[in-house]
Amino acid sequence: MIVFKKAADIGQFLDQAGKKYSRTGFVPTMGALHQGHISLIEMAKNSGELVICSIFVNPTQFNDAKDFQNYPSTIEKDIDQLEKAGCDVLFLPTVKEIYPDGLINYDPYKLGYLETVLEGKYRPGHFQGVCQVVHRLMTIIPANHLYLGQKDFQQCMVIKKMTELKGLSTKIIICPTLREADGLAMSSRNMRLNEESRAKAVEIFKTLSHIKAVIKPGDLVALKKDAVKKLNDAGFRTDYVEIADAGTLELKDNWNGKDKLVALCAAFLGEVRLIDNMLL
Ligand code: PAF
C-alpha cells in the first residue's frame with residue numbers, strides 16, 4: 001500500500017494510475033477502523049478497482065469539541081488492517097492540506113430539508129462539515145465509485161445530494177451495516193464504551209428490531225414514544241427514535257402500509273453518542 005500525505009502527490013499518482021486501472025474505488029474514513037470499514041475496502045477490491053482509502057478526522061463536522069478531542073485514533077492498527085484487506089493507496093492528509101484556505105472559508109451547501117431533521121437537527125452544522133470534507137476529498141480523489149456504510153443512513157443521502165449539487169460523476173455505493181454478534185452496529189465510537197455501557201448498547205438494535213417486528217399500518221406515534229421510553233429506562237439519553245420514508249427521510253407519524261420506511265435512532269450512553277437504523 002502506498003501512503004500519500006500531500007494532495008498534489010496523490011493527484012499525480014492517480015493521473016498515472018489512470019492509464020493502468022480503468023476504475024477506482026474510494027473509501028473515505030476518519031480512522032479507528034473496524035470490520036465495517038474493511039468490508040467497504042473489500043467490496044471495492046472485489047470489483048477489481050484500484051482501492052483508495054483516506055483517514056482524516058475532519059474538525060469541521062464535529063458540533064461538539066469534546067467529541068472531536070475524544071475521537072479514537074489507532075493509526076498503526078488501521079494501516080495494518082488496510083494492508084491485509086488489500087487497499088492499494090492510503091491518503092493521510094493534515095488539516096492544512098485539506099483546508100489550505102482555513103476552516104470556515106467556503107460556500108454553504110444547499111441541503112434543504114435533509115439537514116433540518118434527525119442528525120441535522122441534533123448536530124447543527126454537522127452535514128455542512130461532512131459535505132465540505134467529502135467534496136474536497138472527491139476533488140483530490142476523483143474516483144469512479146465512492147463507498148459508504150448504510151449505518152450513516154442520512155449521511156449517505158446528504159453526500160448523494162452534495163454530489164448532485166456539485167455535478168460530480170462519482171457513483172455512490174451504499175454497503176450494508178456490519179454488526180457485532182449481539183447486533184450492535186459496528187462503529188469507531190464503540191471503542192469508547194466501558195464494559196457496562198457496551199453491554200447496554202445492544203438495546204438500540206433490539207429497539208429497532210422490535211419496531212420492525214411489530215409495525216403495522218396506522219398510527220406510529222405510540223410505537224416511537226414507547227421505543228424512546230424503553231431506551232431511557234435502560235440508561236440511555238435518547239435524542240430520537242424516528243420512522244421515516246426511506247427515500248426522502250420525511251418523518252412519519254402514520255403509515256399507509258405501502259411506503260418503504262426506515263427506523264432511525266440516536267442515543268447517548270454516558271458521553272458516547274450512538275446512531276443506528278433499520279429498513280423496515
Ligand atoms: O462517516 C465518516 O467516517 C465521515 O463522516 C466521513 C464520510 C469520512 C467524512 O469525514
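As the structure is a computational prediction, the values presented were derived from the model and not from experiment. All ligand and atom numbering here is 1-based and tracks the order in the structure. Positions are given from 1, in the same order as the sequence printed here.
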Does ligand 1 have any N/O pairs with the protein under 3.5 Å, and how far apart?
{"residue": "ligand 1", "atom": "1 (O)", "partner": "Gln155", "partner atom": "NE2", "Å": "2.8"}
{"residue": "ligand 1", "atom": "5 (O)", "partner": "Gln61", "partner atom": "NE2", "Å": "2.9"}
{"residue": "ligand 1", "atom": "5 (O)", "partner": "Gln155", "partner atom": "OE1", "Å": "2.7"}
{"residue": "ligand 1", "atom": "10 (O)", "partner": "Gln61", "partner atom": "OE1", "Å": "2.6"}

Can you classify the ring geometry of Phe4 versus Phe13 as parallel (below 30°), tilted (30 to 60°) or perpendicular (above 60°)? tilted
For His34 and His37, take the angle between the two ring planes, folded into 0 to 90°, and tell me which bin it lands in: parallel under 30, tilted 30 to 60, perpendicular over 60. tilted
Contacts of Phe68 meeting ring-ring contact (aromatic ring centres under 6.0 Å, His included) (sequence neighbours excluded), chain-then-number -> Phe62
Considering residues at least two apart in sequence or located in another chain, which fulfil the side chain to side chain donor-acceptor pair (under 3.5 Å) criterion with Lys166? none
Tell me every residue that passes side chain to side chain donor-acceptor pair (under 3.5 Å) with Tyr99, counting only those two or more places apart in sequence or in another chain. Asn58, Thr60
Any donor-acceptor N or O pair under 3.5 Å, side chains Arg123, Asn63: yes
